[in-house]
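Below: one structure, written as structure tokens.
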Amino acid sequence: MSDNSPDLTKLFDAVLVGDAKAALEITNAALAAGVDPQCLITEQMTPAMDEVGKRFENHEYFVPELLIAARAMKGALEIVRPLLVDRGVEPVGRVVIGTVKGDLHDIGKGLVASMLEGGGFEVTDLGVDVSADTFVEKAQEVNASIIAVSALLTTTMTGMKAVVEAVQAAGLQQACKVIVGGAPVTQQYADSIGADGYSNNASAAVALARQLVA
Ligand code: B12
């Protein structure tokens, strides 16, 4: 990069301290300078949120700090997301996505939704705090081939099992695959609840979804 390139670590800092205005300005400047939008997410914003999480664990940050950091990331993501979507190719399948019941975290879920859209999927985003029945009803309504479930809390990830069971109870398990993700979720956990797939990031989620509909 040339000397005039924006200092991207400032985006990390802006998200970390929850400076939404600076996060927007740096993101706009970076995009104008031709920086890859995906790299802004994976190299600056997501690591910043990981650091926010560590500070929360260490009692250096509390819920208000989490909220303002999340707001800063979401604001910057609003500019970046459409650019990821624009990379789209042929429509490859329909996905119903949401955050599991009792869980209000939606940043990662939103990213996965955007990347799937960018990867050519038609995505119905049910938002947060979504019950197993709602996932299944919507999947039937839009004829989805994938249900994507996000969970960020160890206490709510157990709700993913309810989604797998609801899909089985509706006789949909052949037509509609369940994929799961979110910070506390592992491949081992996904296997233990009978989910059809797991990935730990949004790009891999697209590859996974493609593989499942192939
Ligand atoms: C921001 C944040 C919040 C914000 C959420 C704002 C929002 N709109 O989302 C607010 C302040 C509201 C919040 C609230 C709470 N939070 Co919080 N939060 C976080 C924090 C700091 C970042 C999460 C985040 O957005 N990460 C960035 C995204 C991009 O990463 P991601 O979600 O993991 O998603 C990626 C992958 O996991 C994957 N992925 C995600 N979903 C899916 C789905 C599929 C299908 C696939 C394939 C992949 C996939 O792809 C994504 C992109 O690469 C985390 C710490 C952390 N580092 O995870 C704590 C954290 C998750 N929160 C925590 C806690 C405890 C809470 C509260 C209970 C706090 C409280 N006492 O009130 C509440 C719970 C509220 C509720 N009922 O949900 C704990 C959870 C601990 C645990 N073991 O369960 C964490 C880990 C912090 C900590 N270290 O203690 N939180």
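Remember, it's 1-based here, ligands and their atoms both numbered in the order they're listed.
Going from atom CG of Asp103 over to atom OG of Ser150 covers 7.0 Å, rounded to the nearest 0.5 Å. Between the CG atom in Leu208 and the CG atom in Leu212 there is a gap of 5.0 Å [rounded to 0.5 Å].
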Could you go through residues 92-102 and list every donor-acceptor pair under 3.5 Å that involves a side-chain atom there, pairing it with any protein atom two or more places apart or in another chain?
{"residue": "Arg94", "atom": "NE", "partner": "Glu122", "partner atom": "OE2", "Å": "3.3"}
{"residue": "Thr99", "atom": "OG1", "partner": "His105", "partner atom": "O", "Å": "2.9"}

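Using a heavy-atom distance under 4.0 Å as the criterion, the protein contacts of ligand 1 are Met49, Asp50, Val52, Gly53, Phe56, Glu57, Val63, Leu66, Leu67, Ala70, Lys74, Gly102, Asp103, Leu104, His105, Asp106, Ile107, Gly108, Leu111, Val112, Ala148, Val149, Ser150, Leu152, Leu153, Thr154, Ile179, Val180, Gly181, Gly182, Ala183, Ser199, Asn200, Asn201, Ala202, Ala205.
Applying the side-chain hydrogen bond (donor to acceptor under 3.5 Å, both in side chains) test to Lys138 and every residue at least two apart in sequence or in another chain returns Glu141. Under the side chain to side chain contact (heavy atoms under 4.5 Å, CB included) criterion, Ala170 pairs with Val136, Gln140, Leu172, not counting sequence neighbours.
Proximity of a side-chain donor or acceptor of Asp129 to a complementary backbone N or O of Leu104 within less than 3.5 Å is not detected.
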